[in-house]
Amino acid sequence: MALYSEKVMDHFRHPRNVGSIENADGIGEVGNGKCGDIMKMYLKIDDDVVSDVKFETFGCGSAIASSSMATEMIKGKPLTEVLQLTNKAVAEALDGLPVHKLHCSVLAEEAIKAAVQDYYDKRNRD
C-alpha cells in the first residue's frame, strides 16, 4: 500500500489556490515548530461568503496537499459553514493521511479559522 493517496499526491503536485490575495479581508498564519510547517491563508469575503481563498505553505507534501484541499473545500462557502471545517474532514477528503502527518490537516483547519478570526477582528465582530 502506498504511503500517500492519489489525492494527496495530486494536491501536492498540482496545488490549487496557491499565492496571496492583495488586500485580503482575513489572513491567518499558523506554524508548527516541531515539524517546521508554516501555513498562511488569505480570504476574500463578500456578504459573509468566501469568494476567494489562497494559501502559502512552507512545509512537506502533506502540508501543501492539506492546504490545497482545505481551500477547495471552503471556496464559495458561507463563513458559518467554513467555521465547521475540521482537520478530520480535510484528511478524509484527501483519502487519508499517514498518522504522523495528521498535524498537517490540523494546521490547515487552524489557518482557516485564524483567517476568519482576523476578518471578524477587523470588523469588531464576535
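Position 1 is the first residue of the sequence, and the numbers go up from there.
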Would you give the length of the straight line joining atom [atom1] of [X] to atom [atom2] of [Y], rounded to the nearest 0.5 angstrom?
X    : Y    : atom1 : atom2 : answer
I74  : I112 : CD1   : CD1   : 4.0 Å
E92  : T86  : CD    : OG1   : 7.0 Å
C104 : M39  : SG    : CE    : 5.5 Å
H100 : L3   : NE2   : CG    : 5.5 Å
Q117 : E110 : CD    : CD    : 13.5 Å
C60  : F12  : SG    : CZ    : 9.0 Å

Practice task
Decide whether D95 and S5 meet the rule of one side-chain donor and one side-chain acceptor closer than 3.5 Å.
Solution key: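 No - no donor-acceptor pair under 3.5 Å links their side chains.
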Nearest heavy-atom neighbours spanning [X] and [Y]:
X   : Y    : answer
A70 : A108 : CB-CB, 3.9 Å
K54 : G19  : CB-O, 3.2 Å
V30 : A114 : CG1-CB, 4.4 Å
V8  : G96  : CG2-O, 3.6 Å
G76 : V49  : O-CG1, 3.6 Å

Practice task
Would you sort out whether M9 and K7 count as a side-chain contact (heavy atoms from CB on, under 4.5 Å), showing the intermediate values?
Solution key: CA-CA 5 Å; M9 295 307 297; K7 280 189 183 177; over 6 Å; no
Exercise for the section: Quick one: do K77 and L85 satisfy side-chain contact (heavy atoms from CB on, under 4.5 Å)? Show the steps, please. Expected result: CA-CA 11 Å; K77 305 284 189 203; L85 182 74; over 6 Å; no
Cluster link [X] to [Y], ILVMFWY, side chain under 4.5 Å:
X    : Y    : result
Y120 : I27  : no
I64  : L102 : yes
M73  : I45  : yes
M69  : V99  : no

Are side-chain heavy atoms of [X] and [Y] found at a separation under 4.5 Å?
X    : Y    : result
R16  : V53  : no
F58  : K40  : no
V18  : F55  : yes
R123 : D25  : yes
S66  : E109 : no
D37  : H103 : yes

Practice task
Decide if atom NZ of K88 counts as having more than 12 heavy atoms of other residues, nucleotides or ligands within a radius under 6.0 Å.
Solution key: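 At most 12 heavy atoms, drawn from other residues, nucleotides or ligands, come within 6.0 Å of this atom.
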Exercise for the section: Give a yes or no on whether D46 atom CG has more than 12 heavy-atom contacts from other residues, nucleotides or ligands under 6.0 Å away. Expected result: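 Correct, the count exceeds 12.
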Practice task
Apply side-chain contact (heavy atoms from CB on, under 4.5 Å) to R125 and Y119, showing your working.
Solution key: CA-CA 8 Å; R125 291 174 54 185; Y119 170 73; 3.7 Å; yes
Exercise for the section: Report the C-alpha distance between V82 and L43 in whole Å, list the side-chain angles of each, state the deciding distance to 0.1 Å, and finish with yes or no for side-chain contact (heavy atoms from CB on, under 4.5 Å). Expected result: CA-CA 11 Å; V82 169; L43 301 178; 5.6 Å; no
Exercise for the section: Apply the test side-chain hydrogen bond (donor to acceptor under 3.5 Å, both in side chains) to residues E56 and Y42: give CA-CA distance (whole Å), side-chain angles for both, the deciding distance (0.1 Å), then the verdict. Expected result: CA-CA 9 Å; E56 296 175 318; Y42 301 84; 2.6 Å; yes
